[in-house]
Amino acid sequence: MAPILLLSVLSVVLFTITVLRLRRAGARPGPAHTSLPRGSLGWPVIGETLEFVSAAYSPRPESFMNRRRLLYGKVFKSHLFGSPTIVSTDAEVSRFVLQSDARAFVPSYPKSLSELMGKSSILLINGALQRRVHGLIGGFFKSPHLKSQITADMQSYVGRAMDSWPETSPILIQDETKHIVFQILVKGLIGLEPGDEMRFLKREFHEFIAGLISLPVNLPGTRLYRSLKAKKRMVMLLKKVIEEKRRKRSSGLVGETPKDVIDVLISDTSEELTDELISDNMIDLMIPAEDSVPVLITLAVKYLSSCPLALRQLEEENMELKERKCRQGQDSLQWNDYMSLSFTQDVITETLRLGNIIGGIMRKAVRDVEVKGHLIPNGWCVFTYFRSVHLDEAMYDEPHRFNPWRWKEKDMSSCSFTPFGGGQRLCPGLDLARLEASIFLHHLVTSFTWVADDDQVVNFPTVRMKSGMPVRVTRKKRR
Ligand code: HEM
């Protein structure tokens with residue numbers, strides 16, 4: 001009886017708080033000529049979360065947005081995941097939000113995710129420190145030195161993996177790419193080679209990310225608790241690596257050129273980047289990178305498998321490069337060889353558009369903000385939903401068709417194409433993602449033909465292939 005009574009009281013309190021918060025926000029007068037966008041806040045407390053999630057699990061997650069776009073326009077209000085939210089499916093409004101700094105919007109993540117990342121995570125910090133860390137990491141990821149290292153490593157890991165592929169049973173592209181990309185990532189961030197420590201990190205990282213979307217309850221035995229423990233074990237290893245690197249630096253045993261992100265961060269002369277902050281961030285940096293690149297490659301293989309014309313053109317372009325390099329007596333390719341393959345880049349661009357690996361980004365307003373006549377009230381979330389823009393037929397002809405040729409004419413830098421976000425937090429790993437995908441596709445199409453088994457894209461909570469994208473490969477005869 002007592003628990004039921006307690007639950008009823010709790011529901012009434014929650015209901016009252018929500019109604020009061022919404023009334024307050026809805027009634028607040030905005031700057032002149034602006035008003036709260038139209039839309040519905042749905043049910044008390046849960047708002048429209050259930051409708052959103054049920055659409056997100058379907059093959060057309062954007063149907064939730066499309067229905068509301070027809071009723072209210074491209075920007076509308078809703079109530080999602082416990083917060084009143086302005087949803088933007090308008091490319092210009094989304095660009096404005098992403099380009100605003102922390103005086104207007106700050107990142108907003110589910111509570112479990114914020115707890116796991118910690119206060120000093122690059123994904124959560126704001127202002128000068130975020131710009132500093134972002135600049136250091138972004139600069140390093142763009143450096144020709146790192147791109148050469150990644151190209152050499154990726155060629156060697158891809159070659160080794162592909163050499164062991166059997167022709168008699170299916171290969172799961174999603175698993176294969178996850179394994180390869182994790183090794184590249186850990187080497188680029190921390191400088192570790194495959195071995196015991198890499199295996200340890202892989203195991204612990206999987207334990208860690210299992211709690212990213214979980215109940216925000218940190219008690220012994222809960223999912224969040226186990227994930228935080230895994231993070232602690234990883235931090236211990238990372239601190240050891242950092243100490244060792246600092247020791248080598250102070251005794252002059254290493255050169256000036258940074259080999260990994262830890263090298264870059266420990267050579268920063270400000271006092272702000274403590275060992276604690278660096279080790280925490282190494283793990284947090286893996287979150288946006290670990291899954292997204294394998295999914296990008298896997299989706300490209302899926303789309304190519306059902307578009308023979310695109311596959312043939314990709315194959316011709318890559319074979320031509322391979323043979324040209326061979327004639328010049330160069331066995332291995334350089335990073336700029338891969339990036340110069342224009343059709344291959346168009347295939348990757350089109351995969352990013354159609355696949356929507358990151359469908360949208362949440363921010364929270366820290367003051368009333370006015371944009372294009374809409375008011376985003378202080379304390380509300382704003383969800384910039386890229387997927388609706390990427391699949392908008394006003395922007396892209398036949399938006400659900402995989403058509404890499406559309407990028408011959410189209411401008412990729414417009415605000416209607418934002419797979420890597422934009423503004424202050426534009427993904428610093430975007431070149432690396434493209435480079436890794438290009439290398440994998442090059443080796444796949446020049447070494448194999450394949451037949452894909454049936455599989456389905458799952459869009460929620462993250463984009464992936466239901467069965468891991470099984471393909472049956474046949475080795476090409478050397479010409
Ligand atoms: C297909 C692959 C990828 C996609 C689609 C992707 C997408 C994104 C997006 C949309 C954001 C913006 C988040 C926001 O504004 O809050 C972002 C941020 C970020 N990405 Fe990526 N990413 C990819 C690969 C990578 C890789 C390979 C790395 C690193 C090696 C990386 C590291 C980061 C980091 C550190 C941030 C946060 C930047 C900040 O908040 O200052 N990403 N990514």
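Read the numbers this way: they start at 1 and go in the same order the structure lists the ligands and their atoms. These values consider heavy atoms only, across backbone and side chains, with no hydrogens, waters or symmetry-generated copies.
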Does this structure show an ion pair linking [X] with [Y], if we count only N-O contacts that are shorter than 4.0 Å?
X: D284; Y: K231; answer: yes
X: K240; Y: E244; answer: no
X: D260; Y: K187; answer: no
X: R68; Y: E48; answer: yes

- Would a 4.5 Å heavy-atom cut-off, applied to side chains only, mark M286 and F182 as touching? yes
Nearest protein heavy-atom contact for [atom]: which residue, which atom, what distance?
atom: atom 26 (C) of ligand 1; value: A289 CB, 3.5 Å
atom: atom 32 (C) of ligand 1; value: P288 CG, 3.8 Å
atom: atom 39 (C) of ligand 1; value: H134 ND1, 3.5 Å
atom: atom 35 (C) of ligand 1; value: L285 CD2, 3.1 Å
atom: atom 40 (O) of ligand 1; value: R425 NH1, 2.9 Å
atom: atom 23 (C) of ligand 1; value: S292 OG, 3.4 Å
atom: atom 5 (C) of ligand 1; value: P419 O, 3.7 Å

- Pick, from F140, F386, F420, F105, the option with the minimum heavy-atom distance to atom 11 (C) of ligand 1. F420
- Please work out which of I361, L123, D284 has its closest non-hydrogen atom nearest to atom 14 (C) of ligand 1. I361
Sub-4.0 Å atoms of ligand 1 with respect to non-hydrogen atoms of [X]:
X: L185; answer: 30 (C)
X: V293; answer: 27 (C)
X: G421; answer: 10 (C)

- Polar proximity ligand 1 side, Q424 side, N/O cut 3.5 Å exclusive: no
- Message: Counting only heavy atoms from other residues, nucleotides and ligands, does the tally under 6.0 Å from NZ of K142 exceed 12?
- Response: no
- Message: I'd like to know whether ligand 1 has P428 as a neighbour, heavy-atom separation below 4.0 Å.
- Response: yes
- Would you please determine whether R363 falls within less than 4.0 Å of ligand 1 on a heavy-atom basis? yes
- Decide whether R353 and T349 meet the rule of one side-chain donor and one side-chain acceptor closer than 3.5 Å. no
- Task: Apply salt bridge (Lys or Arg N to Asp or Glu O under 4.0 Å) to D175 and K178, showing your working.
- Result: CA-CA 5 Å; D175 290 358; K178 265 200 144 188; over 6 Å; no
Tell me which part of [X] gets within contact of ligand 1: side chain, backbone, both or neither, using heavy atoms under 4.0 Å.
X: Q130; value: side chain
X: C427; value: both
X: I122; value: both

- Query: Among R434, E350, E317, which residue meets the side chain to side chain donor-acceptor pair (under 3.5 Å) test with Q345?
  - Reply: R434
- D275 to R246 - nearest heavy-atom pair and separation: OD1-NH2, 2.6 Å
- Message: For Y385, is there any backbone N or O sitting under 3.5 Å from a side-chain donor or acceptor partner on S388?
- Response: no
